[in-house]
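The model shown is predicted, which means the values in this text are computed figures rather than measured ones.
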Amino acid sequence: MELNDNVVVLATLVPDTQRLDFLPRHFGRQMMTVEQHLYSRLSELSQDYTGGYWNFYDLSNGGCYLAPTAPEQFRVVVDGNDFEGTLSADAAGITATLFTFSEVAFRFPHVGVLSTRFHQLRDFAAEHAEAGLIFRAID
């Protein structure tokens, strides 16, 4: 994924052997808050989400995101901006993760890593195949 300054941001699936380290590495003491908020947020955004296994992704710019593995597509509704659309599981995960990073960053303004993670993921999302839908959903 290429950005304006020609820096490519790549996502790498975190292997099962490194999953336990993922949340503490990215969020420290706020790891449980981020994780719980994320699952709740997707539940609010999509009636298609009923729980399940999530993939964890590291980004080459230091960021990260989480995405559910099923179903393959989610009908997403954002009441605050009248967005309604169908997103892939990956794009729905990115959208829910962006909402989560923003909302939790405002809740814990002294934890700068949260807003940093938001901007890192936003840079990746800008070049995602579903960037238009993601940005309409979070607008």
Hey, does Phe56 have a side-chain heavy atom less than 4.5 Å from the side chain of Leu13? no
Do you know the tightest heavy-atom contact between Asn81 and Ala137? ND2-O, 2.9 Å
Side chain to side chain contact (heavy atoms under 4.5 Å, CB included) evaluation trace for Thr86 with Phe74: CA-CA 5 Å; Thr86 301; Phe74 289 82; over 6 Å; no
For the backbone of Val76 and the side chain of Ser46, can you confirm whether one donor and one acceptor N or O come within less than 3.5 Å of each other? no
Less than 4.5 Å apart, side chain to side chain, heavy atoms only: is that true for Phe27 and Cys64? yes
Just so I know, are the side chains of Trp54 and Tyr39 near enough to count as touching, which here means a heavy-atom distance under 4.5 Å? yes
Restricting to non-hydrogen atoms, name the atom on Val77 and the atom on Asp79 that form the minimum distance, rounded to 0.1 Å. CG1-OD1, 3.7 Å
Would you give the length of the straight line joining atom CG of Leu87 to atom CD of Gln73, rounded to the nearest 0.5 angstrom? 8.5 Å
Got a second to check how far Tyr49's OH is from Arg41's CZ, nearest 0.5 Å? 14.0 Å
Is there a side-chain contact between His26 and Asp58 (heavy atoms, below 4.5 Å)? yes
Under a plain distance cut-off of 3.5 Å, with no hydrogens placed, do Ser88 and Glu130 share a side-chain donor-acceptor pair? yes
Taking every heavy atom of Glu84 against every heavy atom of Arg136, the minimum-distance pair comes out as O-NH2, 4.5 Å
Quick check: closest heavy atoms across Asp16 and Tyr53, and the distance to 0.1 Å? OD1-OH, 3.1 Å
For the residue pair Leu66 and Asn55, establish whether any side-chain heavy-atom pair is separated by less than 4.5 Å. no
Give a yes or no on this: more than 12 heavy atoms of other residues, nucleotides or ligands lie within 6.0 Å of atom CD of Glu44. yes
Assess whether side chain to side chain contact (heavy atoms under 4.5 Å, CB included) is satisfied between Ile138 and Phe83, documenting all intermediate values. CA-CA 9 Å; Ile138 67 168; Phe83 173 81; over 6 Å; no
Straight-line distance of Thr12 OG1 to Gln18 CD, nearest 0.5 Å: 10.5 Å
More than 12 heavy atoms of other residues, nucleotides or ligands under 6.0 Å from CZ of Arg19: is that the case? yes
Min side-chain heavy-atom separation Arg25-Met31 under 4.5 Å: no
So how far is it from Glu103 CD to Leu38 CG, rounded to the nearest 0.5 Å? 10.5 Å
Examine Phe22 together with Tyr57 and report whether their ring centres are nearer than 6.0 Å. no
Mind listing the closest non-hydrogen atom pair of Ala125 and Leu98 along with its distance? CB-CD1, 4.3 Å
So Glu127 and Val9, do their side chains get closer than 4.5 Å, heavy atoms only? no
Rounded distance [0.5 Å steps], CD in Glu72 versus CG in Asp48: 12.5 Å
Counting only heavy atoms not in Leu20, do more than 12 sit closer than 6.0 Å to its CG atom? no
Set out, in order, the CA-CA distance, both residues' side-chain angles and the distance that settles side chain to side chain contact (heavy atoms under 4.5 Å, CB included) for Leu114 and Val34, then state yes or no. CA-CA 9 Å; Leu114 297 167; Val34 169; 3.9 Å; yes
Inter-residue atom distance Arg107.CZ - Thr100.OG1, 0.5 Å rounding: 11.5 Å
Taking all non-hydrogen atoms of both residues, which atom of Val8 and which atom of Ser60 are closest, and how far apart? O-OG, 3.4 Å
Side chain to side chain contact (heavy atoms under 4.5 Å, CB included) between Phe99 and Leu42: does it pass, once the steps are laid out? CA-CA 9 Å; Phe99 270 118; Leu42 186 56; over 6 Å; no
Flag side-chain contact, heavy atom, 4.5 Å: Leu59 against Asp123: no
